[in-house]
There are 2 protein chains.
Amino acid sequence: MSPSGMGMVVPEETPVRRARRTGAKPLSEPQVSRLSLYRRQLQARPLASPATIHSHALAALCGTSAAHVRRDLMTIGFNGSPARGYDVEQLIGAIGRELDDPDGQRAALVGVGQLGRALLDYFTTRRPNLRVAAAFDVDPAKTGRVIHGCRVWPLDDLAEVVREQGITVGVLTVPAEAVQEVAERMVAAGVVGFLNFAPVPLRLPARTFVEEMDITTSMERVAYFARALVAGGRRKDEHRAG
Amino acid sequence: MSPSGMGMVVPEETPVRRARRTGAKPLSEPQVSRLSLYRRQLQARPLASPATIHSHALAALCGTSAAHVRRDLMTIGFNGSPARGYDVEQLIGAIGRELDDPDGQRAALVGVGQLGRALLDYFTTRRPNLRVAAAFDVDPAKTGRVIHGCRVWPLDDLAEVVREQGITVGVLTVPAEAVQEVAERMVAAGVVGFLNFAPVPLRLPARTFVEEMDITTSMERVAYFARALVAGGRRKDEHRAG
DNA sequence: ATAGCGCTGTGAACGAAATCACAGCGTTAC
DNA sequence: GTAACGCTGTGATTTCGTTCACAGCGCTAT
Ligand SMILES: NC(=O)c1ccc[n+]([C@@H]2O[C@H](COP(=O)([O-])OP(=O)(O)OC[C@H]3O[C@@H](n4cnc5c(N)ncnc54)[C@H](O)[C@@H]3O)[C@@H](O)[C@H]2O)c1
Ligand SMILES: NC(=O)c1ccc[n+]([C@@H]2O[C@H](COP(=O)([O-])OP(=O)(O)OC[C@H]3O[C@@H](n4cnc5c(N)ncnc54)[C@H](O)[C@@H]3O)[C@@H](O)[C@H]2O)c1
């Protein structure tokens with residue numbers, strides 16, 4: 001409210017910054033998603049790119065608006081210069097400090113079927129700060145092996161391995177009938193976050209976070225809005241041409 | 001406002017119902033998602049289930065609130081009886097009338113790799129109203145075959161096949177470097193809705209709908225909120241125990 | 001120097017979606 | 001028959017995320 005003289009390069013106290021420094025983590029779900037994308041897009045830039053980037057350019061890379069970018073970076077207390085924009089290297093670091101666990105986080109994937117194998121491959125090509133440390137299956141034909149660098153354990157070893165490795169994240173690619181029970185066993189073993197690919201919503205106790213990857217619903221959504229576009233004069237999600 | 005005598009079983013005019021009847025389609029994105037899930041959960045019920053269901057029960061199946069369910073069903077103009085609840089069979093039909101194209105919709109999947117093959121398998125076990133009618137790949141080793149009941153064409157045939165089969169939905173499982181170009185070719189051929197599994201946001205012209213299935217971001221979201229749960233006294237997405 | 005431009009940081013306005021709250025009615029219990 | 005209950009349908013309210021708009025400042029051009 002009172003426009004006190006505020007430095008631009010040397011960060012001083014603003015309400016949001018104060019809130020952050022005092023320990024509160026006011027990151028909303030969409031903000032976390034966007035920050036994750038910002039970082040990935042920045043890291044994917046060609047090697048010979050400028051060392052700084054403007055909010056407009058980052059927004060274009062990520063399909064958002066410049067205001068959005070500025071608001072998000074403000075929220076994590078990162079600031080740039082009006083002239084040069086944001087320092088890319090530092091920004092990547094700042095997002096990491098926000099999203100990553102400094103000690104690393106480990107995930108377990110349960111259900112090494114078609115989708116599970118594809119995901120194992122996908123995740124092993126990712127950074128080590130958040131890696132799939134173990135996989136599980138009930139099928140004895142699948143256990144004991146190492147797939148895409150990840151050992152596949154019998155489901156019975158779940159609690160033991162999860163505890164030993166300090167696993168807190170679960171990726172569920174088991175058949176729909178099995179997913180509720182598997183998830184409950186994982187919660188009992190200490191897993192608190194889930195990425196669920198089975199097409200039924202999980203019902204888990206409080207103090208648990210579940211992300212439903214409902215591909216069927218996504219497909220029906222696309223079909224519905226595609227139809228709306230063809231039929232009426234209607235736009236739901238517009239993207240500008242590159 | 002004026003509580004005119006309204007029938008309960010025989011539906012009469014309410015503002016929302018009038019809006020719907022006059023052709024407007026005020027379904028929001030989250031509503032489409034929920035309706036898709038309602039239908040799937042209703043169809044997945046055991047055969048010997050009651051013919052009607054209350055909003056509370058359906059909400060429990062889907063992880064929402066009863067108010068949410070009632071509001072959604074009101075939006076599509078479907079009404080139940082205070083005593084019995086909603087007629088399941090009719091509700092399934094009503095949702096279908098809302099979400100499905102009566103003439104059916106066809107989708108094309110591009111990129112028959114690990115993920116693409118898993119998805120082909122998954123989608124062929126779904127209803128025929130929205131089916132993957134064709135797959136494409138650049139790799140000659142993959143084209144010409146029929147995988148999971150779906151013929152794999154060379155990418156060069158894309159425009160022709162899309163036009164012939166009236167395909168309006170695209171599923172993108174090609175490498176990140178290729179996805180923008182592939183999507184643009186599909187738009188040129190007449191595809192308007194996309195489900196994009198590549199980890200880069202698409203930039204497409206207006207009158208196009210894109211659903212980003214960003215698994216990396218979802219994973220980082222889960223990790224972040226899982227960590228928040230373990231660390232501070234914090235809950236982002238609570239689910240009650242079944 | 002100095003004028004002007006354009007970008008950041010951010011309060012404020014806006015909009016949409018979720019949630020609350022309750023009137024009205026069918027049903028069941030007695 | 002009558003009273004009490006519980007569910008639906010829906011206006012009203014709240015919550016939350018997005019977007020607007022602009023003050024302040026550094027850089028560049030002249
Ligand atoms: N295939 C896809 O593209 C796709 C897409 C969306 C959703 N899904 C969902 O993902 C899940 C897996 O799909 P899929 O195509 O990989 O199936 P799949 O049959 O190929 O794989 C399932 C795997 O889970 C294992 N399994 C079964 N019960 C188990 C249990 N109780 N504990 C541990 N492992 C168990 C099986 O041995 C098998 O290896 C399903 O729920 C499916 O609906 C799959
Ligand atoms: N594997 C996963 O679980 C997973 C998870 C999330 C996202 N993704 C993304 O999905 C995409 C595919 O992943 P994948 O693991 O199946 O990779 P993959 O290499 O197994 O498959 C890619 C397929 O695309 C084909 N292809 C390459 N260029 C093409 C082009 N221009 N046109 C048509 N086809 C082309 C290749 O021949 C190959 O068959 C990638 O963008 C990946 O980042 C994969």
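Below, read A as the first sequence line, B as the second, and so on, with proteins coming before strands; counting in each chain starts at 1.
Put simply, CD on A:Glu29 is 12 Å from P on C:dA18, counting in whole angstrom units. Remark: C1' of C:dG6 and CZ of A:Arg84 are 14 Å apart, rounded to the nearest angstrom. A:Arg70 places its CZ atom 8 Å from the P atom of C:dG9, with the value rounded to the nearest Å. In this entry the distance linking CG of B:Asp72 with C1' of D:dG9 reads 13 Å, nearest Å. Distance, B:Leu58 CG to D:dC7 C1': 14 Å, rounded to whole Å. Taking atom CZ on A:Phe78 and atom P on C:dC7, their separation rounds to 18 Å, with Å as the unit. B:Asn79 has its CG atom 14 Å from the C1' atom of C:dC25, to the nearest Å. Atom CG of A:Leu27 and atom P of D:dT18 are 13 Å apart (whole Å).
Both B:Leu73 and A:Gln31 sit near DNA chain D, but only B:Leu73 has its closest nucleotide nearer the 5' end. When each of A:Arg34 and B:Gly85 is assigned the nucleotide of DNA chain D with its nearest heavy atom, B:Gly85 is the one assigned upstream, toward the 5' end.
For B:His68 and C:dT19, the shortest distance from a side-chain N or O to OP1 or OP2 is below 4.0 Å. In this model, the phosphate group of D:dG6 is not approached by any side-chain N or O of B:His54 to a distance below 4.0 Å at OP1 or OP2.
Taking only side-chain atoms of A:His56, from C-beta outward, the nucleotide of C:dT8, C:dA17, D:dT18 with the closest atom is C:dT8. Among D:dG17, D:dT19, D:dT8, the nucleotide with an atom closest to any side-chain atom of B:Ser55 is D:dT8. Closest to the side chain of B:Ser65, from the set C:dT8, D:dT18, C:dT19, is C:dT19. Comparing C:dT27, C:dA17, D:dC7 by their closest approach to the side chain of B:Pro82 singles out D:dC7.
Counting distance only, with no hydrogens placed and no angle test, the side-chain atoms of B:Arg71 and the base atoms of C:dT19 include a donor-acceptor pair under 3.5 Å.
Counting all heavy atoms, side chain and backbone alike, A:Asp87 lies closest to A:Thr52 at CA-CG2, 4.0 Å. The nearest pair of heavy atoms linking A:Asp100 to B:Arg227 is O-NH2, 3.2 Å.
Between the side chains of A:Tyr122 and B:Thr216, at least one donor-acceptor pair of N or O atoms lies under 3.5 Å. In the model, B:Ser81 has no side-chain atom that pairs as donor or acceptor with a side-chain atom of B:Tyr86 under 3.5 Å. Side-chain contact annotation: A:Arg40 with B:Thr217, donor-acceptor N/O pair under 3.5 Å present.
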